[in-house]
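What follows is a single structure, written as structure tokens, with notes after it.
Excluded from the calculations below are hydrogen atoms, water molecules and symmetry mates; all remaining heavy atoms, backbone and side chain alike, are included.
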Amino acid sequence: MQDLIKLDFVDLALAVAFMGVAIGLSAWEKIGLELNLALATGRTILQLAVLGYVMEFIFALDTPWAVLGTLATILTISAVVTRNRIDKKIPQILPLVWGSIFISTSLTLIYTTILIIQPDKWYEPQYVIPLAGIVLGNAMNAAAIAGERFVSTIDASQLEIETHLSLGATPWQAVAQYRKEAVRAAFIPTLNQMMVIGLVTLPTIVSGQLLSGVNPREAVSYQILIIFTIAFTNLLTTLLLTRGLSRQFFNSAAQLVR
């Protein structure tokens with residue numbers, strides 16, 4: 001297999017030309033995306049350049065504190081982004097989102113690292129940070145979808161919920177169906193991805209590893225591991241989050257307070 005072909009500044013400049021053409025097409029067709037595309041391009045280059053130097057520094061340090069600090073930072077950013085997508089006005093929503101993502105990703109990473117990958121050091125940056133980034137990113141999206149769907153459904157169904165309560169239902173029973181629908185909605189993208197992976201789409205992880213010279217069978221093995229960790233984490237995150245959100249809508253007298 002051919003060794004990895006490294007990209008220099010000229011190669012990257014040619015890649016940026018794609019976005020230049022996209023901006024030109026937007027202007028030509030009067031779509032109005034020129035500013036957004038230019039801003040997104042600049043942010044992408046800046047953020048990934050910074051990420052590259054930071055990861056190189058963390059890999060060089062090779063200490064558990066550097067790895068844990070990186071994971072805590074990614075987790076906190078994910079929780080804040082998710083909170084903003086759901087509803088900032090819900091009491092204690094940020095700790096709830098943070099805790100839900102933390103529990104699910106921690107269990108996933110511990111299980112995967114200790115029982116499956118088994119690196120020489122449990123905090124090996126080469127494995128822990130990329131895996132955590134993938135899992136956290138997907139958990140963030142799933143939590144945002146489930147949380148936003150759950151909150152908006154409850155807001156639109158207050159009369160129905162109060163009717164259930166007046167007929168003797170518990171708060172948990174009154175919102176159980178809405179919770180199930182929210183979790184299912186958040187999990188649909190994961191299920192769709194699993195159904196067609198390798199047939200319709202070539203996963204980015206596999207593509208990246210193939211480009212870096214990894215044996216195709218090894219690349220596929222890691223993709224199997226990653227897609228299953230994503231599925232487990234997404235489901236657990238949405239279950240924990242919607243369960244916690246359920247408690248935020250009722251007081252101690254089992255009254256809807258939204």
Side-chain angles (χ1 to χ4, degrees), residues 4 6 44 46-83 94-144 186-187 189-190 193-194 197-198 202-241:
L4 174 65
K6 295 184 179 180
T44 298
L46 178 61
Q47 290 167 183
L48 290 180
V50 171
L51 176 64
Y53 285 109
V54 170
M55 289 297 100
E56 185 177 26
F57 177 71
I58 293 173
F59 278 36
L61 287 178
D62 196 23
T63 64
W65 298 114
V67 174
L68 292 175
T70 302
L71 299 186
T73 301
I74 299 173
L75 171 60
T76 301
I77 294 173
S78 300
V80 171
V81 171
T82 303
R83 185 277 310 268
L94 182 57
L96 175 60
V97 172
W98 195 95
S100 300
I101 298 178
F102 171 75
I103 292 172
S104 59
T105 53
S106 295
L107 290 175
T108 301
L109 290 175
I110 291 171
Y111 180 91
T112 303
T113 304
I114 295 178
L115 296 181
I116 301 177
I117 299 179
Q118 298 182 3
D120 294 335
K121 297 172 290 188
W122 65 266
Y123 59 87
E124 186 66 56
Q126 177 186 352
Y127 297 101
V128 175
I129 293 179
L131 182 60
I134 294 171
V135 171
L136 280 169
N138 282 274
M140 176 188 70
N141 290 330
F187 205 68
T190 304
Q193 183 182 9
M194 294 176 70
I197 194 169
L202 186 61
T204 54
I205 299 301
V206 173
S207 300
Q209 289 186 315
L210 292 177
L211 287 171
S212 64
V214 174
N215 181 280
R217 290 191 300 274
E218 290 294 329
V220 169
S221 297
Y222 270 96
Q223 182 61 51
I224 292 173
L225 169 63
I226 288 169
I227 195 63
F228 289 159
T229 58
I230 289 174
F232 171 78
T233 307
N234 287 0
L235 183 59
L236 183 57
T237 299
T238 54
L239 289 174
L240 292 173
L241 178 61

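- None of Leu96, Val97, Ile103 except one satisfies the side-chain contact (heavy atoms from CB on, under 4.5 Å) rule with Ser100; the exception is Leu96.
- The minimum heavy-atom distance linking Pro125 with Pro130 is given by the pair O-CD, 3.2 Å.
- Not counting sequence neighbours, the partners of Gln47 by the side-chain hydrogen bond (donor to acceptor under 3.5 Å, both in side chains) test are Arg43.
- Across all non-hydrogen atoms, the minimal contact from Leu241 to Ala143 is CD2-O, 3.3 Å.
- Of all heavy-atom pairs between Ala139 and Ile101, the closest is CB-CG2, 4.4 Å.
- Residues satisfying the ring-ring contact (aromatic ring centres under 6.0 Å, His included) criterion with Phe102, sequence neighbours excluded, are Trp98.
- The shortest side-chain heavy-atom distance between Met55 and Thr70 falls under the 4.5 Å cut-off.
- Shown here for Phe187 and Ala231, the closest heavy-atom pair between the two residues is CE1-O, 3.2 Å.
- To the nearest 0.5 Å, atom CG of residue Leu136 and atom CD1 of residue Ile74 are 6.5 Å apart.
- Thr112 places no side-chain N or O within donor-acceptor distance of the main-chain N or O of Leu109, the cut-off being under 3.5 Å.
- A distance-only check finds a donor-acceptor pair linking the side chain of Thr229 to the backbone of Ile226 [under 3.5 Å].
- In this structure, CD1 in Ile114 is found 11.0 Å from CD1 in Ile116, a value given to the nearest 0.5 Å.
- A search for side chain to side chain contact (heavy atoms under 4.5 Å, CB included) contacts involving Ile227 returns Gln193, Met194, Ile197, Gln223, not counting sequence neighbours.
- A search for side chain to side chain contact (heavy atoms under 4.5 Å, CB included) contacts involving Leu236 returns Ser104, Leu107, Phe232, Leu240, not counting sequence neighbours.
- Residues Thr233 and Thr108 have side chains that bring a donor and an acceptor to within less than 3.5 angstrom of each other.
- Environment of OH in Tyr111: sparse, with no more than 12 heavy atoms of neighbouring residues, nucleotides or ligands closer than 6.0 Å.
- Rounded to the nearest 0.5 Å, atoms CG (Leu51) and CD1 (Ile58) are 8.5 Å apart.
- We find the CE-CZ distance between Met140 and Arg83 to be 13.5 Å, quoted to the nearest 0.5 Å.
- For Asn138, the side chain to side chain contact (heavy atoms under 4.5 Å, CB included) criterion is met by Ile134, Ile230, Asn234, not counting sequence neighbours.
- Contact between Ala142 and Thr238 at its shortest, heavy atoms only, is O-CG2, 3.5 Å.
- Considering only residues two or more places apart in sequence or on other chains, Pro64 meets the side chain to side chain contact (heavy atoms under 4.5 Å, CB included) condition with Trp122, Tyr123.
- The CG atom of Leu131 sits 6.0 Å away from the OG1 atom of Thr113 when rounded to the nearest 0.5 Å.
- Counting only heavy atoms from C-beta outward, the side chains of Leu225 and Ile117 approach each other to under 4.5 Å.
- Between Leu71 and Leu75 there is no side-chain heavy-atom pair separated by less than 4.5 Å.
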